[in-house]
Structures are given as structure tokens and as C-alpha cells.
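Taking it in order: structure first as C-alpha cells, then the write-up.
Just so it is clear: chains get the letters A, B, ... in the order the sequence lines come, proteins before strands, and each one is counted from 1. What you see is a predicted model; the values in this text were computed from it and never measured.
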Amino acid sequence: MNLLWLQSAGCGGCTMSLLCAEHPNAPDLLAGAGIRLLWHPALSAAPGAEVRGLLDDVLSGGVPLDILCVEGAVLRGPRGTGRYQMLSGTGRPMADWVRDLAARARHVVAVGTCAAFGGVTSAADNPADAVGLQYEGAHAGGLLPAAFRAGAGLPVINVAGCPTHPGWVTETLLMLAGGVLDAGGPDGLARPRFYADHLVHHACPKNEFYEYKASARHLSQLGCMMEHLGCIGTQAAGDCNIRPWNGEGSCTRAGYPCIACTSPEFEEPRHAFTETPKFAGIPVGLPSDMPKAWFIALASLSKAATPERIGVNAVSDRIRVPPSPRKPLP
Amino acid sequence: VTGRTLLVGPFNRVEGDLEIRLQVRDGRVTAAYANSPLFRGFERMLPGKDPRDALTVTPRICGICSISQSAAAARALADAAGAEPAPQGALVAQLLHGVENLADHVTHFNLFFMPDFARPAYAGRGWRGGRWRPGHWRGRSSTATRWPLLWPRRAGSRRASAAVCWKSRGCR
């Protein structure tokens, strides 16, 4: 299968993330899956004229395009011309290239939240009029219309994340190569369900604190970061704590609140990232699928039941009170 | 007398977002223009936001030097607040920045810079496989051999495969 990777308006971080893929690493994985990389702007050797020739061949149908990966949002500005990003050497806006190449591709993959939903590139008042491939924020219909389907029948597959986990990209590519990613594969936001059906909360090492709502008040304290520090891991799609990053890490493991970077419009939470918005002292955003009344009832009960160890450690920057060893049987 | 214009792009290694135009006359470059054909407007994203958000937003300026960006933001915030980092905190911050610096040297050399010199087009150049031959780049450690997929080789040709190794002469 032929894979073409374009980097539009983003930071390149998703490619850097992909290079961290382990077991298998990215080149081994592509080779093993029979995927041939036609061109990648950061990784390939072919420059200028060769690439322009390749792109023309793809557009004319001479070179079949099985997978088009786009990393970064697509810019429509200024005034709908797309000229805020020109594909260098071609005199054409990247938006035009992406639209035309997508029409030729059997599969289109949006790598990262920028490509999927606009992401950070569309933050604030969206100065460059950035948009996702098939979504504008949470709304279907981006550069490509909501009804767009790639050659093989699927919509744009949103491997969202800021950056994406290398495993999310490699698994998606493997599934496409194996022909097993069908219409039931992506979730309601076209993200592959193999990772989007998990919550970042799952396997978070702060879960014991969460159980008792034993909350950290400041960054670098051990407690749960949901109540005060803006963590929305209980609502965020991602298996970050089940499938760690770089072999061992994740945001919450490192003591940083989850900001739901796999979600559309995560870049504009309408409050400080590390501060939980509250109404009458209760966090506005509750865990996914949790009825509010039950949450409040459970939270007050569990807070009252918090063991001293958990309460003290939650507001400490290291474990002050270790678990008590069980008394030996007489 | 012949004059022509050379347009170089998409440019590898910089996300393609660089375009070079050269005017050549009588075999000499008479004018050179560099163009960065991407505007994201990142500078306009933070005004009006909580200052702490800079720590989340600025690393996303660049996926390669994210930590440098956030370290700069952290220092700017500390400066604005008149705050001094705790000594151990300052050390940790410098370690983090140092690790990125180290990783970026490796990335820059192996991924963003040297691969172009290893292109088969340069196989005949004196500097390629000449006297200067770094002995520690043995076998599998060169980008060309570690990233075989990314290197267009002519199938079945030993010679072609030697040509993509930037040590070329005498390495096999």
C-alpha cells in the first residue's frame, strides 16, 4: 500500500511522536504491514521537483494512493483563499492539495487533533481560519464536507491527540492495511474506537485519591486533580494510562491534569487549563455517564470516609503516610 | 547569455514550509530568496488568556523544541510574577531542558540534516566517503541503514545500496 504523509499547519509533534513508536518501531511497522512511504516531508530524502512529480502522478492516477495521512490543521485564510499555507514549490495552497489528494485516496487519516478538528492551530480567534479535515471543532464538515467518504468508503479517520500516541497511528495504519477498520471502527467523532472507547481515567495511578475525592490543591501534590486542577481524564477519550507513553509515562502520571487533547475544541476550555470551573463548589464537568445527583452523593460520602493516609498524601508532594502493613495472623 | 529561475520546494526536514527561489545567470546565482509559506498566527493565541495557559499552549508552537518553548514561557511567567524557582526546581527544569537539547542534537543530525548528504546524487563527491570517516558510525547506525524504507534504493543492486550509506567507499 502506498502512504503519502503531508504536514499542513501544525507543529510537527505528531511525527516526532510517531518516531517514538516501539515494538515495532515506525519503519519496521510500515515494512511489516507492506506499506510503502511515498513521501513524508520530514523523513523522506526526495526533495523539490521529485515530490512535485510524485504529487502530479498521484493526482493523475498514475500512482495509486492508498492512505493519505495529514498532520496539522488546514488553513482557509486569508478570506477563504488558503494562501496562509502554500505547499512550497507549487504555488498552490495546501488546502487545495489536500482536497484534491483526498479525492484520490482510498483512506484519509487525520493525524493529530489539528488535522482532525482544527486543534491548537485554531485556538483563540483562529487567526489563520484553521479547520480540521472533516470537522470544524466538534461540528462535522471541515475542509471536506460531512458527507465525504474516501475511496474505500470510510470518512476521514481522526487519530486525534495532541500529540497522537504513536501506537494509535501505527495501529490505525495496521488496521487499514489489514482491511479490518470498517464503519464500526471509528466512534461518533470518527476516532478509532480501539483507543477512543477508553477514558484517560482508566488505570490512572491517582485513582485511589479519586475514589475518595482526595484532591490536590496545587500542582505537584499527589492527590486527584479533578476537583481543583482542571483534570478531565474522567471525560477524555484515550488509553493513555493503559498504553503508556514512551514506555512508561502519561500526563496524569507526571502530575499534570488531563486536558482531553483528543477532544475537539480542547484548546479553548473557556477557563485556565489547570483550574476546575465550579458551580456552588461542585465541578461543572462531571465524569462521563455519571448522573449529577449520584456524583454529589458519592463524593460527599467518600470524602467523609477518606482514610488519613490518603487525605494527607493528597496534599503532599511525596508519600507522607505509607499504607499500614496488615497485622500478622495470631 | 542564459538566465533561469530555480524553485526549490517542498523542502524536506522543515515540514516542507520553506521555499527557496534562485536566479541563475551564466552559471552563477545572482539572487536568492527564502520564503516561509505558512502563517498560523500563534502569536495571537494567548492575549486575554490566563497567563498559566502559556505553559500549555507555547510548547505546541513546535513539536521538536516544545520544552525550550515552555521553559521560555515558564521563565517569562516567573519574571512577570517576580518569582524565583526553588533551587531543586531550577535544577529539574534545567535537566529537562538539557535532555531535550541532547535529544534534539541526535534528531537534528540523524533525521533533519545528514540524510540529505547521503543521497545517491552525492555518491561521487570527494567529501562523501573521503578521508574524514567517523569510525563510530558502524553498520546499522547510520540513518540510511536504520531507515531503509525512506531511502529510495534501486531494487537488487548492491551498489545502489552501498550508495545510500553515506560512508559509501570502503564501508562494505
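Classification of the F113(B)-H108(B) ring pair by plane angle, with boundaries at 30° and 60°, yields parallel.
Using a 4.5 Å cut-off between heavy atoms, S36(B) does not touch chain A at all. For I259(A), the part lying under 4.5 angstrom from a heavy atom of chain B is the side chain only. In this structure, the portions of A9(A) lying under 4.5 Å from any heavy atom of chain B include both its backbone and its side chain. Contact of V51(A) with chain B is made through the side chain alone, with heavy-atom distances under 4.5 Å. In this structure, the portions of C162(A) lying under 4.5 Å from any heavy atom of chain B include both its backbone and its side chain. For a residue to count as touching a neighbouring chain, one of its non-hydrogen atoms must lie under 4.5 Å from one of that chain's; by this rule D125(A) touches chain B with the side chain only.
S122(A) and E267(A) form a side-chain donor-acceptor contact under 3.5 Å, judged by distance and modelled atom types alone.
Each of G48(A), S17(A), A128(A), A124(A) has some count of heavy-atom pairs under 4.5 Å with chain B, and the biggest count is that of G48(A).
Atom OG1 of T15(A) is separated from atom CH2 of W5(A) by 5.0 Å, given to the nearest 0.5 angstrom. Within the model, atoms CH2 of W97(A) and CE of M86(A) stand 11.0 Å from one another, a figure rounded to the nearest 0.5 Å. To the nearest 0.5 angstrom, D17(B) atom CG is 8.5 Å from R40(B) atom CZ.
Chain A is approached within less than 4.5 Å, heavy atom to heavy atom, by R44(B), M45(B), K49(B), D50(B), R52(B), D53(B), T56(B), V57(B), R60(B), I61(B), C62(B), G63(B), I64(B) from residues 44-65 of chain B, ordered by number.
Here the side chains of P257(A) and F273(A) are not in contact, with every heavy-atom distance at 4.5 Å or above.
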Which pairs would a plain distance check flag for residues 87-103 of chain B, meaning a side-chain donor or acceptor within less than 3.5 Å of a matching protein atom at least two apart in sequence or in another chain?
{"unit_1": "H97(B)", "atom_1": "NE2", "unit_2": "S68(B)", "atom_2": "OG", "d": "3.0"}
{"unit_1": "E100(B)", "atom_1": "OE1", "unit_2": "S68(B)", "atom_2": "N", "d": "2.9"}
{"unit_1": "E100(B)", "atom_1": "OE1", "unit_2": "S68(B)", "atom_2": "OG", "d": "2.8"}
{"unit_1": "E100(B)", "atom_1": "OE2", "unit_2": "S66(B)", "atom_2": "N", "d": "3.1"}
{"unit_1": "E100(B)", "atom_1": "OE2", "unit_2": "I67(B)", "atom_2": "N", "d": "2.7"}
{"unit_1": "N101(B)", "atom_1": "OD1", "unit_2": "H105(B)", "atom_2": "ND1", "d": "3.4"}

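For C114(A), the side-chain contact (heavy atoms from CB on, under 4.5 Å) criterion is met by A73(A), T121(A), not counting sequence neighbours. Under the rule for a salt bridge (charged side-chain N to carboxylate O under 4.0 Å, His left out), R52(A) has no partner lying at least two apart in sequence or in another chain.
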